[in-house]
J.: 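I'd like to ask you about the structure that follows.
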Number of protein chains: 2
Amino acid sequence: MLQYHASPPAAPIPLDLIYQALADPGRRGMVERLTRGPATVTQLAEPLPMSLSAVVQHLKVLEDAGIVRSQKTGRVRTCQVIPAALHAAEQWIADRRTFWERQYDQLEAYLNASSSEAIGNQEMNGAKDQE
Amino acid sequence: MLQYHASPPAAPIPLDLIYQALADPGRRGMVERLTRGPATVTQLAEPLPMSLSAVVQHLKVLEDAGIVRSQKTGRVRTCQVIPAALHAAEQWIADRRTFWERQYDQLEAYLNASSSEAIGNQEMNGAKDQE
DNA sequence: ATGATACTGAAGCATATACTTCAGTATTGT
DNA sequence: ACAATACTGAAGTATATGCTTCAGTATCAT
């Protein structure tokens with residue numbers, strides 16, 4: 001069975017670079033295009049309102065972030081997505097989500113338990129305090 | 001029933017700002033702290049190796065991205081996470097993932113179907129390393 | 001061989017980021 | 001009242017980002 005985790009993680013690329021790479025709409029457009037299949041630099045550039053040079057620079061950001069891989073054959077550079085990096089970015093958020101879901105569950109429980117009391121206190125502090 | 005989607009989405013904050021906000025390790029640290037419960041600005045600043053002013057500036061980035069909300073009571077500003085923005089960021093990646101998973105499924109199917117043939121098609125490969 | 005194609009790479013430039021320090025302003029504790 | 005606390009906001013500065021243009025260098029097609 002072919003797994004998309006199959007490629008060697010090589011280096012655990014820092015989330016800094018991954019999120020930074022995704023922060024640009026042009027780069028997200030490139031990723032979006034690449035999730036539909038491999039593409040050349042020129043194809044990636046085609047819908048974008050900027051020079052080829054600029055696109056190549058964006059591509060470098062994506063490659064440095066480990067989101068995209070490319071190789072040249074003849075004069076054409078073909079690019080494709082590497083799922084692992086995006087997966088790491090998704091996972092970081094998912095991990096936090098388990099926390100805040102629990103937090104909201106606790107808040108919900110608290111509100112249910114004290115529904116007869118004054119709820120409109122001015123602070124969210126009222127719900128929980130720690131440290 | 002209290003839902004964490006309950007808060008009004010107000011504006012659909014652009015992914016640019018959300019990913020940009022997450023690109024900084026200090027800000028991710030702040031989010032991480034806030035997923036464990038509300039905190040004051042000073043509490044957020046405590047583990048970070050920078051001035052309070054810097055932390056307040058990071059907080060502004062998180063608020064502009066819709067990731068964090070805060071309000072002041074007396075002289076204390078208390079902050080908490082707003083799940084919606086992070087959920088949007090997670091969702092964007094999840095949406096792409098369905099594409100590349102399908103893509104890999106197709107590749108897998110292709111490989112299975114043509115396992116007796118030459119695998120080295122020219123599409124992505126050549127396995128040319130050149131840099 | 002010649003020209004078109006597909007990049008590559010260096011410079012330059014305007015704006016954005018990530019801080020710093022310093023000088024305030026309300027609140028709160030004693 | 002007075003000092004400590006918890007920020008707030010303006011400047012200033014160094015580096016990073018997101019482009020541009022221009023001048024190449026390899027292919028590839030004819």
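Worth saying up front: this structure is predicted, and the values here are computed from it rather than measured. Chain A is the first sequence line, chain B the second, and so forth, proteins listed ahead of strands; every chain is numbered from 1. Heavy-atom basis, side chains included; hydrogens, waters and symmetry copies ignored.
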J.: Can you check the B/Leu62 CG to C/dT17 C1' distance for me, whole Å?
T.: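 Value for this atom pair: 14 Å.
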
J.: Figure out the CG/P separation between B/Leu44 and D/dA6, and round it to whole Å.
T.: 13 Å

J.: On the side chain of A/Gln57, is there an atom forming a donor-acceptor pair with the base of C/dT8 - under 3.5 Å, no angle test?
T.: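 No pair found.
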
J.: So, does B/Lys72 get its side chain near the phosphate of D/dT8, meaning an N or O under 4.0 Å from OP1 or OP2?
T.: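 Looking at the OP1 and OP2 atoms of D/dT8, one of them is under 4.0 Å from a side-chain N or O of B/Lys72.
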
J.: Looking at A/Thr40, does any N or O in its side chain come under 4.0 Å of the phosphate oxygens OP1/OP2 on C/dC7?
T.: yes

J.: Using atom CG of B/Leu52 as one end and atom P of C/dC19 as the other, report the distance to the nearest whole Å.
T.: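 So the two atoms are 14 Å apart, to the nearest Å.
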
J.: Fit a plane to each ring of B/Tyr19 and A/Tyr19, take the angle between them on a 0 to 90° scale, and name the class: parallel (under 30°), tilted (30 to 60°) or perpendicular (over 60°).
T.: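 Ring orientation, 0 to 90° scale: parallel.
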
J.: Using the side-chain heavy atoms of B/Arg77, tell me which of these nucleotides is nearest: D/dT20, D/dT8, C/dT8.
T.: D/dT8

J.: Please state how far atom CG in B/Asp24 lies from atom P in C/dA16, giving the value in whole angstrom units.
T.: 18 Å

J.: In this structure, are over 12 heavy atoms from other groups packed under 6.0 Å from A/Gln91 atom CD?
T.: yes

J.: Just how far, in rounded Å, is P of C/dA18 from CG of B/Asp64?
T.: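 Roughly 12 Å, once rounded to whole Å.
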
J.: Map A/Val76 and A/Gln20 onto DNA chain C by nearest heavy atom, then report which one ends up closer to the 5' terminus.
T.: A/Val76

J.: In whole Å, what is the span from the NZ atom of B/Lys60 to the P atom of C/dT17?
T.: 11 Å

J.: Distance check needed: D/dT20 P versus A/Leu48 CG, whole Å only.
T.: 11 Å

J.: Honestly curious: do B/Val81 and A/Ile93 fall in one hydrophobic cluster under the side-chain, below-4.5 Å linking rule?
T.: yes

J.: Going hydrophobic residue to hydrophobic residue with side-chain gaps under 4.5 angstrom, can you get from B/Leu22 over to B/Leu59?
T.: yes

J.: Below the 4.0 Å mark, does C/dC19 have OP1 or OP2 next to a side-chain nitrogen or oxygen of B/His58?
T.: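 So the side-chain polar atoms of B/His58 do come within 4.0 Å of the phosphate oxygens OP1 or OP2 of C/dC19, strictly under.
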
J.: Do any side-chain nitrogens or oxygens of B/Thr42 fall under 4.0 Å of OP1 or OP2 in D/dC7?
T.: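 B/Thr42 to D/dC7 OP1/OP2: side-chain N or O found under 4.0 Å.
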
J.: Return the value, rounded to whole Å, for the distance between atom CG of B/Leu59 and atom C1' of C/dC19.
T.: 16 Å

J.: Among pairs that include at least one residue of residues 78-90 of chain A, which meet salt bridge (Lys or Arg N to Asp or Glu O under 4.0 Å), considering only residues two or more places apart or in two chains?
T.: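 The answer is A/Glu90-B/Arg97.
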
J.: Quiz question: going by heavy-atom distance under 3.5 Å, is there a donor-acceptor pair between the base of D/dT21 and the side chain of A/Ser51?
T.: no

J.: Is the shortest side-chain N/O distance from A/Arg75 to OP1 or OP2 of C/dT8 below 4.0 Å?
T.: no

J.: Which one, D/dT8, C/dC7, D/dG18, comes nearest to the side chain of A/Arg27?
T.: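 The listed nucleotide nearest to A/Arg27's side chain is D/dG18.
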
